[in-house]
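Report on the structure given below.
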Amino acid sequence: MGTAVTAGFTATPGALVALAGRLRAVAGEMWALRERVAAVDVATSRPLAPQTFEAVRARLREAVETLDRAERTGVDLAGRLVENARAYAEVDEVAATRLLDLAAPATAPPPAAASVRVAEPPFALPEAYDGPVTVRPIGRGAGIARVTPVASAPPVAPVTPAAPDGDEIVARAKRWADLRLGYSMSGLHDGYRTDCSGLVSMAWGLSPPGLTTVTLPEVSHPIGRDDLRPGDILLNPAPGAAGHTLIFAGWADAAHTTYFAYEESASKGAHHATVPYPYWPGHGTFRPYRLGT
């Protein structure tokens with residue numbers, strides 16, 4: 001049943017990857033076009049009227065900048081499409097497992113052990129004792145005997161490790177950036193996924209393979225912009241490749257309009273960056289969070 005239902009989705013990841021390939025090809029064409037525009041820019045060094053010369057150079061510079069932006073956008077979008085393809089493939093696998101579980105016939109719990117053997121006459125428990133009993137087998141010593149409960153040891157409270165401080169969180173993130181770990185939603189390093197939420201989970205000392213952008217709020221709480229300190233995160237809690245998170249490492253200016261951060265991204269892997277607050281436009285809504293509930 002699960003296989004039949006999910007079969008309709010198997011083409012989606014492949015289609016996204018193919019579209020990503022076409023986008024990268026378009027980006028390559030844009031780069032080639034930029035080179036041709038740059039060549040024209042060199043050609044404008046021939047003697048022209050001063051006003052004409054400056055106007056042509058200004059227009060060509062605008063064309064080069066526009067093509068650069070388009071090329072970067074195409075590559076970034078292609079990377080996100082591949083991320084979505086991987087996410088959809090993982091969702092398909094989970095859906096198949098869940099549907100097969102639902103389709104499995106329910107099994108009744110095993111019956112309680114009989115207290116009386118076959119062909120053995122029933123008996124009543126002594127009224128003077130209402131505690132636990134055990135029935136000995138037929139033969140010598142057959143009958144009912146009292147059971148003395150064994151006192152169990154008191155439960156031991158689990159020891160919760162102390163949360164790392166901000167400097168330790170940033171230092172852990174820096175180790176991944178120094179290694180330039182590539183981005184992967186399925187790959188692991190030291191037991192943690194090498195994606196954005198895996199980096200945060202590792203730096204925060206959470207259990208591997210790490211939480212996701214959807215579940216990180218379960219171990220943290222939102223804070224105000226001016227309350228941000230190193231070790232906090234900026235989070236877009238959307239699911240899958242639509243969500244993103246990064247680690248705040250300090251303000252880059254006194255006006256608190258840009259900040260230093262460590263992040264895992266599809267285009268750059270683990271790296272250190274200077275980011276506009278709260279994040280680059282076009283990537284959803286971000287809000288600051290701090291470890292601890």
Side-chain angles (χ1 to χ4, degrees), residues 13 16-17 19-21 23-24 26-28 31 68-90 169-204 206 208-217 220 228 230-252 257-289:
L16 287 174
V17 172
L19 179 57
L23 282 170
R24 289 197 176 98
V26 171
W31 179 258
D68 277 346
R69 287 195 299 271
E71 187 266 341
R72 286 195 300 270
T73 301
V75 170
D76 184 62
L77 181 56
R80 288 189 172 273
L81 283 171
V82 172
E83 291 174 23
N84 279 325
R86 291 173 180 160
Y88 290 153
E90 292 175 2
I169 292 171
V170 171
R172 292 177 180 179
K174 183 178 183 299
R175 287 197 286 270
W176 274 30
D178 291 342
L179 293 173
R180 300 184 180 276
L181 288 177
Y183 181 95
S184 174
M185 296 177 71
S186 57
L188 300 176
H189 180 75
D190 291 338
Y192 291 92
R193 289 188 322 277
T194 54
D195 58 10
C196 61
S197 54
L199 170 65
V200 170
S201 297
M202 179 278 300
W204 274 5
L206 306 178
L211 299 182
T212 67
T213 52
V214 175
T215 55
L216 279 172
S220 60
L228 272 166
D232 297 333
I233 64 171
L234 277 299
L235 173 66
N236 170 9
H244 189 54
T245 184
L246 63 165
I247 297 173
F248 179 85
W251 291 108
T257 59
T258 57
Y259 60 96
F260 301 115
Y262 287 95
E263 67 174 326
E264 266 277 10
S265 69
S267 58
K268 297 181 180 178
H271 65 284
H272 179 265
T274 302
V275 183
Y277 184 87
Y279 195 67
W280 302 101
H283 293 273
T285 302
F286 284 76
R287 186 176 182 181
Y289 281 79

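For the numbers below, each heavy atom of this structure counts, side chains included, while hydrogens, waters and symmetry mates do not.
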What I'd like to find out is whether the side chain of Val214 reaches to under 4.5 Å of the side chain of Pro237, using heavy atoms alone.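 A side-chain contact under 4.5 Å is absent here.
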
Determine whether Asp190 and Pro208 make a side-chain contact, defined as any pair of heavy atoms from C-beta on separated by less than 4.5 Å.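 SC-SC contact between Asp190 and Pro208 ruled out.
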
In chain order, what residues pass the side chain to side chain donor-acceptor pair (under 3.5 Å) check against [X], with sequence neighbours excluded?
X      : answer
Thr212 : Thr215
Thr285 : none
Asn236 : none

Once rounded to the nearest 0.5 Å, what's the spacing between atom CZ of Phe260 and atom CZ of Phe248?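 Between atom CZ of Phe260 and atom CZ of Phe248 there are 9.5 Å.
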
Rounded to the nearest 0.5 Å, what's the gap from CZ on Arg193 to CG on Leu188? Could you check?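 Arg193 CZ to Leu188 CG: 8.5 Å, rounded to 0.5 Å.
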
Distance-only criterion, 3.5 Å: show the donor-acceptor pairs between side-chain atoms of residues 170-181 and protein atoms not counting sequence neighbours.
| from | atom 1 | to | atom 2 | distance (Å) |
| --- | --- | --- | --- | --- |
| Arg172 | NE | Glu168 | OE2 | 3.0 |
| Arg172 | NH1 | Ala203 | O | 3.2 |
| Lys174 | NZ | Asp178 | OD2 | 2.9 |

Before you tell me yes or no, could you show the steps for Leu211 and Ser201 under side-chain contact (heavy atoms from CB on, under 4.5 Å), namely the whole-Å CA-CA distance, both residues' side-chain angles and the distance that decides it to 0.1 Å? CA-CA 6 Å; Leu211 299 182; Ser201 297; 4.1 Å; yes

Qualifying residues under ring-ring contact (aromatic ring centres under 6.0 Å, His included), relative to [X], sequence neighbours excluded:
X      : answer
Tyr183 : none
Tyr279 : His244, His283, Phe286
Tyr262 : His272

Between [X] and [Y], what is the shortest heavy-atom contact and its length?
X      : Y      : answer
Tyr289 : Trp204 : O-CZ2, 4.5 Å
Ser197 : Leu216 : CB-CD1, 4.2 Å
Leu235 : Thr213 : CD1-O, 3.9 Å

Who are the side-chain contact (heavy atoms from CB on, under 4.5 Å) partners of Ser184, not counting sequence neighbours?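 Counting only residues at least two positions away or on another chain, Ser184 forms a side-chain contact (heavy atoms from CB on, under 4.5 Å) with Ser186, Thr194.
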
Only pairs at least two apart or in different chains count here, so list each salt bridge (Lys or Arg N to Asp or Glu O under 4.0 Å) that has a residue in residues 233-245.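 The answer is none; no pair qualifies.
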
Strictly by salt bridge (Lys or Arg N to Asp or Glu O under 4.0 Å), give each pair with a member in residues 263-274 just once, sequence neighbours left out.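 Not a single pair qualifies under salt bridge (Lys or Arg N to Asp or Glu O under 4.0 Å).
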
Between Tyr259 and Val275, is the side-chain contact (heavy atoms from CB on, under 4.5 Å) condition met? List the steps. CA-CA 5 Å; Tyr259 60 96; Val275 183; 3.6 Å; yes

